[in-house]
Amino acid sequence: NIKKIKCDFSKKKDLEIFLKKISNTRYDGLLNCAGVFDKSKNYTNRLENISKTIQVNTIAPIFILEKVFENMKKAGRGNIVNISSIGVKFGSSSDNIFYGVSKLGLEASTKTYSRDGSKYNILVNTIRPGITNTNFYKKIGKDLKDRVKLIPLKRAANPDEIANFIYFMISQNTFITGETIAISGGE
């Protein structure tokens, strides 16, 4: 039973409406998978673009987590998975530094809420996907041939390899909490 609500997390009003819509619903699981890439060095109003990256990648997911968390406390259980990036492990390039910064902030929320959630049987974890065969890299204009050579398995992940693990963490996990788990081919 999946509920879809369209929202632009970079817009304050949209986010406020979204949070109201989800505030009184019981959830068994939450996947925080919002993300925008930081291209702020390419814009004249860099601060505005950095703010958008932090808003979408960190602030909105944490606000959503807080709302869902409160309802999970009442139910006495739940699973929350935050999606980070392998870029946090290696550091972003200086051209997109705030992408890594924003995802690191989301990882910090995992530690906080896993500790707070343990007494309510709410398990909170982060998945840190590596290079994955999606259109994301085409959109940002990166050629990944040389990058893939650095992965010990010598290939990018397939989206279903990430999705299957997320499914396990949301629907079957009963003991893993407070962890950041890389799905990155050995990186």
Heavy-atom count around [X] [atom1] within 6.0 Å, excluding the residue itself: above 12?
X: K154; atom1: NZ; result: yes
X: Q172; atom1: CD; result: yes
X: K21; atom1: NZ; result: no
X: N45; atom1: CG; result: yes

Which pair of non-hydrogen atoms, one from [X] and one from [Y], has the smallest distance, and what is that distance?
X: G100; Y: V88; result: O-CG2, 3.7 Å
X: Y27; Y: I22; result: OH-CB, 3.3 Å
X: N125; Y: E179; result: OD1-N, 3.0 Å
X: G35; Y: K103; result: CA-NZ, 4.3 Å
X: K67; Y: L19; result: CG-CD2, 3.9 Å
X: S102; Y: T58; result: O-OG1, 2.6 Å

Expected output: side-chain [X] to main-chain [Y] donor-acceptor under 3.5 Å:
X: N32; Y: N82; answer: no
X: T177; Y: V124; answer: yes
X: N173; Y: I176; answer: yes
X: T132; Y: G130; answer: yes
X: N96; Y: Y99; answer: no
X: D14; Y: D8; answer: yes
X: Q55; Y: F9; answer: yes
X: N57; Y: V36; answer: yes
X: N133; Y: N158; answer: no

(request) Take the angle between the ring planes of F69 and Y120 and call it parallel below 30°, perpendicular above 60°, tilted in between. (result) perpendicular

(message) Rounded to the nearest 0.5 Å, what separates atom CD1 in I83 from atom CD1 in I127?
(response) 4.5 Å

(message) Rounded at 0.5 Å granularity, tell me how far CG in L104 sits from OG in S85.
(response) 11.0 Å

(request) Go through the steps to decide whether I80 and M72 satisfy the test side chain to side chain contact (heavy atoms under 4.5 Å, CB included), and finish with yes or no. (result) CA-CA 10 Å; I80 298 171; M72 287 179 173; 3.8 Å; yes

Taking atom types as modelled and ignoring hydrogens, do the side chains of [X] and [Y] form a donor-acceptor contact shorter than 3.5 angstrom?
X: E66; Y: Y113; result: yes
X: S40; Y: N49; result: no
X: S84; Y: R128; result: no

(request) May I ask you to say whether R155 pairs ionically with E161, meaning some side-chain N is under 4.0 Å from a carboxylate O? (result) yes

(message) Could you check whether K89 pairs with E107 (Lys NZ or Arg NE/NH1/NH2 to Asp/Glu carboxylate O, under 4.0 Å)?
(response) no

(message) Using ring centroids (six-membered ring only for Trp), state whether F18 and F63 fall under 6.0 Å.
(response) no

